[in-house]
Structure formats: C-alpha cells, structure tokens
Amino acid sequence: MECATAPSRFLKASVRYCALLPPGYDADKTRRYPVLYFLHGLGDNEQSLVNGGGWNIIERMTEEKKLVEMIVVTPDGGRGFYINSRDGRTRYEDFFIREFVPAMDRKYRTVATRAGRGLSGVSMGGYGALRFAFQYPQLFGSVSAHSAAVMKDLPRGADAAPGIGGGRTSLLGTVFGSPLDHAFYQRQNPVTLARQSAGLRRLKIYFDCGTEDEYGFDAGAQALHEALESRRIPHEFHLYPGGHGWQYVARHFDASLTFHSQAFGRK
C-alpha cells in the first residue's frame, strides 16, 4: 500500500489517497491491472479500508486466489458526497472524473478502459459510487455499494426525522444547498439517474443494505431496485439483517469484491 496526494485545480488543493497494489505489480513491469475505486463514508477518509480491516479482506482473498489481481484506490472525499456542490464552491465531481481518474491511469499500470474500471463505496461513498457510475457509464464497467446513503425522497421539514445530526437531511450539510435545494438533490439522486440515464444496461450493478439501517437507507435501496427493475436493467440487490456501519459492511464486503473480480474477467 502507498499513500500520496493528487493536486487539483478544481478544488484548489491536493487530495489525499491510498492505493493497494497487487502482489505481482513490481515483478512484471508490462502487466496492467483493473482498478477499483473505493469511496469512503461520511466522517471517514482515504484510510477507511485500513482502519476498518478492508485491506486485510482484500489481501486475504487475493492470496487465496479468490480475486483477480487488481489495484484498489481510495481517495479522500471529505464530507461532500462526491458531487459538485450546489453553490459551486466545491467541485469534487470535476476533480474525480477529469483529474483523478486520468492521474491514476498515468501513475499506475491500469487497464484504462471502462471494462477495467470499477467503483465501490459505503454509505456516502455508496451514494458517490452509484452516482458516478450512473452518470458516467461510458467510463466505468461495474459498481457496487453497501448501505448507500440514498433516499427516495427528501421529506419536507426533515430536521424532525431521525438521522445524523438530528435530521436525515442534516447529514447532507450545505452540499445540496442552504437551505437545502430539493430539486437539486433529486437531480443528483441515484434513483433519479436510474430512471433516466442511458447506457446502464452495459453496467454491472450490485448493492445491498441492512434491514435495520438507522438512517432508513434500506428504503432508498428498495426504491433504487424498483427503478432499475422498471427499466429491466440487470442488477444484483440484497437486503440483509443488520444496521448501518462497518460491522454490517464487513459481513458482505467479500461479495462485492467477488462481484468486481468477475466483472473484471475472472471466471
């Protein structure tokens, strides 16, 4: 594993990231590897897989030959839901799509095609992964999400609803507008994109959520499933017993890793 920073003219700052390189990376200087971008949840950072034990799961499964060898990259996403903020001050989407992915393709021996790129994430990162994949299916071939922070609708007067900071919408901060711009939120919503985006049939999609998710994201996952199903877009969807957090994710992380490994060509 190596950690570094990537400069960004869109963010006017450098963004921290970590990369887990496969065992054979240094042995064969000509071989290229598929790359999985893993997006962390709210309150976490580029070290999320290290802190939660996800690196260990990846390394173990790779050693056991259960995964195709891949590069795993984890950028710091702050608290911005991986989008360009409503006020235009934070342009994370522009950074990720226009700067970060090309920079990783230059720095590492990636398979720099949509079939060689996957996205995964947890909670806020699950939202970001789904949104990037649905918005840019020409760039990514597979996407997975655990406990994605997806809501079908934002209830009015949502500060009274249970959730982070006393309200389900308070976790959104000022990213979607202050006061919150419901129309802007819905334009970014993976559920909306699932209903409207073209090219999703080429995308391999996996997502799951706990049935006791404290923030009600299981309802959002169900809505996303129904939106994709209404268009007959193939996808894998599961609701499992459990709440919200790494303890839930750790029980199912191997499933999404296997999913991406198969998408990258493992039989």
Counting C-beta onward and ignoring hydrogens, is there a side-chain heavy-atom pair between Arg9 and Arg98 closer than 4.5 Å? yes
Can you tell me how far the CH2 atom of Trp246 sits from the CZ atom of Phe253, to the nearest 0.5 Å? 5.0 Å
Looking at CG of Leu203 and CG of Leu130, how far apart are the two atoms once the value is rounded to the nearest 0.5 Å? 9.0 Å
Minimum heavy-atom separation for Ala129 to Val143, with atom names? O-CG2, 3.4 Å
To the nearest 0.5 Å, what is the distance between CZ (Arg32) and CG (Asp105)? 8.5 Å
CZ of Arg31: more than 12 outside heavy atoms within 6.0 angstrom? yes
Can the ring centroids of Tyr240 and His238 be said to lie less than 6.0 angstrom from one another? yes
Could you check if a side-chain atom of Phe81 sits within less than 4.5 angstrom of a side-chain atom of Glu93, using non-hydrogen atoms only? no
Close side-chain approach of Val35 and Tyr108, heavy atoms under 4.5 Å: no
So, using salt bridge (Lys or Arg N to Asp or Glu O under 4.0 Å) as the criterion, who are the partners of Lys107 when residues are at least two apart? Glu2
Any non-hydrogen side-chain atom of Val50 less than 4.5 Å from a side-chain atom of Thr74? no
Any chance you could measure Leu228, atom CG, to Leu193, atom CG, to the nearest 0.5 Å? 10.5 Å
Is it true that a side-chain atom of Arg91 and a backbone atom of Leu11 form a donor plus acceptor pair closer than 3.5 Å? no
Can you tell if the side chain of Tyr185 reaches within under 4.5 Å of the side chain of Met151, non-hydrogen atoms only? yes
Could you check whether atom CZ of Arg231 has more than 12 heavy atoms from other residues, nucleotides or ligands sitting under 6.0 Å from it? yes
Tell me the closest heavy-atom pair linking His40 and Gly78, and the distance in Å. CE1-O, 3.5 Å
Phe134 to Pro190 - nearest heavy-atom pair and separation: CD1-O, 3.6 Å
Assess the residue pair Tyr215 and Ser147 against the criterion (side-chain contact (heavy atoms from CB on, under 4.5 Å)); give the C-alpha distance rounded to whole Å, side-chain angles, the decisive distance to 0.1 Å, and a yes or no. CA-CA 10 Å; Tyr215 309 116; Ser147 308; over 6 Å; no
Output for pair (Ile205 CD1, Leu119 CG), nearest 0.5 Å, gives 11.5 Å
So, for Gln47 and Cys18, which heavy atoms are closest and what is the spacing to 0.1 Å? NE2-SG, 3.7 Å
For Ser142, which of Arg114, His260, Lys204, Arg117 qualifies under side-chain hydrogen bond (donor to acceptor under 3.5 Å, both in side chains)? His260
Answer yes if the ring centres of Tyr37 and Phe132 are under 6.0 angstrom apart, and no otherwise. no
Considering all heavy atoms, the nearest Phe217-Cys209 contact: C-SG, 3.7 Å
Parallel, tilted or perpendicular: which one describes the rings of Tyr206 and His146, with boundaries at 30° and 60°? perpendicular
Is the shortest side-chain heavy-atom distance between Leu139 and Val101 below 4.5 Å? no
Ring geometry between Tyr92 and Phe96 (parallel below 30°, tilted from 30 to 60°, perpendicular above 60°): parallel
Reported CG-to-CZ distance for the pair Asp181 and Arg187, which is rounded to 0.5 angstrom: 6.0 Å
Gln247, CD atom: more than 12 neighbouring heavy atoms under 6.0 Å: no
Once the angle between the rings of Tyr127 and Phe176 is folded into 0 to 90°, is it parallel (under 30°), tilted (30 to 60°) or perpendicular (over 60°)? perpendicular
Counting N and O atoms only, with roles assigned by atom type, does the side chain of Thr192 sit under 3.5 Å from a partner on the main chain of Gln186, one being a donor and the other an acceptor? yes
When you compare the side chain of Lys66 with that of Ser261, does any pair of heavy atoms fall below 4.5 Å? no
Work out which heavy atom in Pro75 is nearest to a heavy atom in Glu46; give both atom names and the distance. C-CB, 4.0 Å
Taking Asp254's backbone N and O only, do any of them form a donor-acceptor pair with Thr258's side chain (distance below 3.5 Å, no angle check)? yes
Is the shortest side-chain N to carboxylate O distance from Asp26 to Lys29 below 4.0 Å? yes
Answer yes or no: is there a side-chain heavy-atom contact under 4.5 Å between Phe10 and Glu99? yes
Compute whether any side-chain donor of one residue and acceptor of the other, for Thr211 and Asp218, lie under 3.5 angstrom apart. no
Under the 6.0 Å and 45° cation-pi test, does Arg109 pair with Tyr25? yes
Taking atom types as modelled and ignoring hydrogens, do the side chains of Tyr248 and Asp213 form a donor-acceptor contact shorter than 3.5 angstrom? no
Would Ile83 and Val175 count as a side-chain contact (heavy atoms from CB on, under 4.5 Å) here? Give the steps. CA-CA 8 Å; Ile83 70 168; Val175 179; 3.5 Å; yes
If hydrophobic clusters are built from ILVMFWY residues whose side chains come within less than 4.5 Å, do Val111 and Phe100 share one? no
